[in-house]
S.K.: 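I have a structure here, written as structure tokens, and I will follow up with some questions on it.
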Amino acid sequence: MKTTNLIAVLAADARPTKPVGRSLVIAGLSGGIVAGLLFVALVGVRSDLLAALANPRVVFKFLFTAVTAMAALAVAARVSCPDRAGPPIGVLLAPLLLLGAATGLDMAVTPRSSWAQAAIGISPLACLTMIVVTSLLPAFCLLWAARAGAPRHPAKAGAAAGLAGGAVGAGIFSFYCPNDSTLFVALWYGFGMVLTTGLAALVGRRFLRW
């Protein structure tokens, strides 16, 4: 029997006693709540948060990270359980299309001379670091939950968990971030989520192997 066939047979028998999707949601929420509480205790929130919520750009940050987290969780549930029927990986196009549309609209109403400053914002490297650090706990919780699903492709499962964790971390950081331009979100939030995705893929390649 070929190795790939053996893996398929073993994966078919390795049905988790608890639905993987539910475990991932619980892990993501738990990790996100703890990370959020730690973030607020150690860093705080922006002083004008309530007033800022009237700004569509601020609301978009929460919307984009929430949609990304949900799409990534759906993909993680599918790739973490070999026999699970679920949405295709193409569901990740939803947050990308949302980001592209919002960024295009923001660029249309922002003078071209201000694009560079809007994209750089205030302390971009500090923001990037805080997004990645805040994402670590949710990503780890999701990786741990993904182990119950016996994924055939550990790196893909790790990447999906990392993307979900990165989106959760970016959403938490939005409570503090003073940079509201969608150009900034596309560049630095996106980069932070990509870094978390890559890191989780590397960890998942070994941690989720069975």
Side-chain angles (χ1 to χ4, degrees), residues 28 31-72 92-142 158-203:
I33 289 172
V34 174
L37 291 175
L38 287 173
F39 185 91
V40 172
L42 296 175
V43 180
V45 298
R46 56 189 292 175
S47 58
D48 63 339
L49 179 61
L50 292 180
L53 291 176
N55 184 345
R57 290 184 175 91
V58 176
V59 175
F60 173 76
K61 291 192 288 187
F62 293 105
L63 176 62
F64 168 62
T65 53
V67 170
T68 303
M70 290 187 288
L92 293 175
L93 287 175
L96 289 177
L97 291 174
L98 179 64
L99 180 62
T103 303
L105 180 60
D106 200 5
M107 292 175 70
V109 299
T110 302
R112 185 183 297 269
S113 59
S114 301
W115 286 0
Q117 181 57 43
I120 295 173
I122 303 171
S123 304
L125 293 181
C127 292
L128 175 64
T129 302
M130 293 176 74
I131 289 173
V132 174
V133 172
T134 307
S135 302
L136 294 179
L137 180 57
F140 176 77
C141 291
L142 288 164
L163 178 58
V168 171
I172 293 171
F173 177 69
S174 297
F175 285 95
Y176 173 82
C177 181
N179 299 292
D180 299 329
S181 170
T182 309
L183 289 168
F184 184 91
V185 173
L187 180 60
W188 299 103
Y189 280 47
F191 192 20
M193 286 188 275
V194 167
L195 288 177
T196 307
T197 300
L199 178 61
L202 293 175
V203 174

S.K.: Ignoring hydrogens, what is the shortest heavy-atom contact between Gly162 and Ala139? Give both atom names and the distance.
M.R.: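 Closest approach of Gly162 to Ala139, heavy atoms only: CA-CB, 4.4 Å.
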S.K.: For Trp188 and Phe184, take the angle between the two ring planes, folded into 0 to 90°, and tell me which bin it lands in: parallel under 30, tilted 30 to 60, perpendicular over 60.
M.R.: tilted
S.K.: Can you give each donor-acceptor pair under 3.5 Å made by side-chain atoms of residues 111-120, sequence neighbours left out, with the distance rounded to 0.1 Å?
M.R.:
unit_1: Trp115; atom_1: NE1; unit_2: Met107; atom_2: O; d: 3.3
unit_1: Trp115; atom_1: NE1; unit_2: Thr110; atom_2: O; d: 3.0

S.K.: Determine, stepwise, if the pair Phe173 / Thr65 fulfils side-chain contact (heavy atoms from CB on, under 4.5 Å).
M.R.: CA-CA 10 Å; Phe173 177 69; Thr65 53; over 6 Å; no
S.K.: State the CZ-CG distance between Phe39 and Leu137, to the nearest 0.5 angstrom.
M.R.: 13.5 Å
S.K.: For Leu92 and Leu163, work out which heavy atoms get closest and say how close.
M.R.: CD2-CD2, 3.8 Å
S.K.: Could you measure the distance from the CZ atom of Phe140 to the OG atom of Ser135? Nearest 0.5 Å is fine.
M.R.: 15.0 Å
S.K.: Roughly how far, to the nearest 0.5 Å, is CG of Leu63 from OG1 of Thr68?
M.R.: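 Separation between the atoms: 9.0 Å.
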S.K.: Strictly distance-based, threshold 3.5 Å: is any side-chain N or O of Asn179 a donor or acceptor partner for the main-chain N or O of Ile122?
M.R.: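 Yes, the answer is positive, given that a donor and an acceptor are paired below the 3.5 Å cut-off.
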S.K.: Kindly give the heavy-atom pair with the smallest separation between Val168 and Ala69, and that separation in Å.
M.R.: CG2-CB, 4.3 Å
S.K.: Considering all heavy atoms of both residues, which atom of Ser174 and which atom of Lys61 are nearest to each other, and what is their separation?
M.R.: OG-CB, 3.7 Å
S.K.: Please find the pair of heavy atoms, one from Ala164 and one from Ala72, that lie closest to each other, and give the distance.
M.R.: N-CB, 3.5 Å
S.K.: Which is it for Phe60 and Leu99 under the side-chain contact (heavy atoms from CB on, under 4.5 Å) test, yes or no, and what are the steps along the way?
M.R.: CA-CA 9 Å; Phe60 173 76; Leu99 180 62; 3.9 Å; yes
S.K.: Between the side chain of Arg46 and the main-chain N/O of Cys177, is any donor-acceptor distance below 3.5 Å?
M.R.: yes
S.K.: Ignoring hydrogens, what is the shortest heavy-atom contact between Ile172 and Gly32? Give both atom names and the distance.
M.R.: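 Of all heavy-atom pairs spanning Ile172 and Gly32, the closest is CD1-O, 3.4 Å.
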S.K.: Could you grab the distance from atom SG of Cys127 to atom CG of Leu187, nearest 0.5 Å is fine?
M.R.: 11.0 Å
S.K.: Looking at residues at least two apart in the chain, or sitting in another chain, which of them share a side-chain hydrogen bond (donor to acceptor under 3.5 Å, both in side chains) with Thr134?
M.R.: none
S.K.: Step by step, would you call Leu128 with Leu195 a side-chain contact (heavy atoms from CB on, under 4.5 Å)?
M.R.: CA-CA 10 Å; Leu128 175 64; Leu195 288 177; 4.1 Å; yes
